[in-house]
Amino acid sequence: MRKQITQEMKAQVKELGDALEMKIDTATVLAEITLDNAISGECAEGSYLNSRRAQSLMQAQIYLSQSITDDFFKLMDLVEVANA
């Protein structure tokens, strides 16, 4: 028997969906910056991020990716409960 989807569940799904959309967009931009930095390292001027900043950027991408994964699984749990 299918459970009734509550307004609270709908709000949670929307909130997680919105957060995921923002985080995925941010991850995409960070990846573009990382790629641009790596490519510019091959140019005469060199990369525009020093080693410390590049490492910090990569660490931020890792944390953000973990957060995206966590939010995705939370969203899937909500959807699974709603469809149970």
Side-chain angles (χ1 to χ4, degrees):
M1 184 173 174
R2 193 171 183 164
K3 288 186 177 183
Q4 185 69 17
I5 300 174
T6 66
Q7 287 301 106
E8 182 180 336
M9 234 185 237
K10 286 181 182 179
Q12 287 176 327
V13 168
K14 175 151 179 40
E15 184 179 324
L16 277 172
D18 290 347
L20 273 170
E21 183 178 4
M22 184 266 313
K23 289 177 183 180
I24 289 170
D25 182 55
T26 301
T28 301
V29 171
L30 290 175
E32 290 169 353
I33 292 169
T34 302
L35 181 60
D36 289 348
N37 187 62
I39 291 170
S40 68
E42 299 172 3
C43 298
E45 296 86 30
S47 57
Y48 52 88
L49 296 177
N50 64 26
S51 178
R52 184 178 71 72
R53 289 180 177 176
Q55 289 173 355
S56 294
L57 180 61
M58 288 299 293
Q59 193 64 42
Q61 288 175 285
I62 291 168
Y63 289 137
L64 184 56
S65 296
Q66 291 168 338
S67 178
I68 289 169
T69 300
D70 291 345
D71 284 355
F72 176 77
F73 284 122
K74 287 177 192 172
L75 184 59
M76 291 299 99
D77 287 342
L78 282 172
V79 170
E80 185 176 299
V81 167
N83 289 323

Would you compute the distance between atom [atom1] of [X] and atom [atom2] of [Y] and round it to the nearest 0.5 angstrom?
X: D36; Y: S47; atom1: CG; atom2: OG; value: 11.5 Å
X: S67; Y: I62; atom1: OG; atom2: CD1; value: 13.5 Å
X: M58; Y: T34; atom1: CE; atom2: OG1; value: 6.0 Å
X: E15; Y: D71; atom1: CD; atom2: CG; value: 9.5 Å
X: I24; Y: F72; atom1: CD1; atom2: CZ; value: 9.0 Å
X: L57; Y: Q61; atom1: CG; atom2: CD; value: 4.5 Å

Walk me through whether E32 and T28 qualify under side-chain contact (heavy atoms from CB on, under 4.5 Å).
CA-CA 6 Å; E32 290 169 353; T28 301; 3.7 Å; yes
Around atom CD of E8, are there more than 12 heavy atoms from other residues, nucleotides or ligands closer than 6.0 Å?
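It does not: E8 CD has 12 such atoms or fewer within range.
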In this structure, are over 12 heavy atoms from other groups packed under 6.0 Å from Q12 atom CD?
yes
In plain terms, say whether D70 and K74 are close enough for a salt bridge, that is, a side-chain N and a carboxylate O under 4.0 Å apart.
no
In short, L49 meets A54 closest at the heavy-atom pair CB-N, 4.2 Å
Do [X] and [Y] belong to the same hydrophobic cluster, where Ile, Leu, Val, Met, Phe, Trp and Tyr are linked whenever their side-chain heavy atoms lie under 4.5 Å apart, directly or via other members?
X: L75; Y: F73; answer: yes
X: Y48; Y: V29; answer: yes
X: I33; Y: I39; answer: no

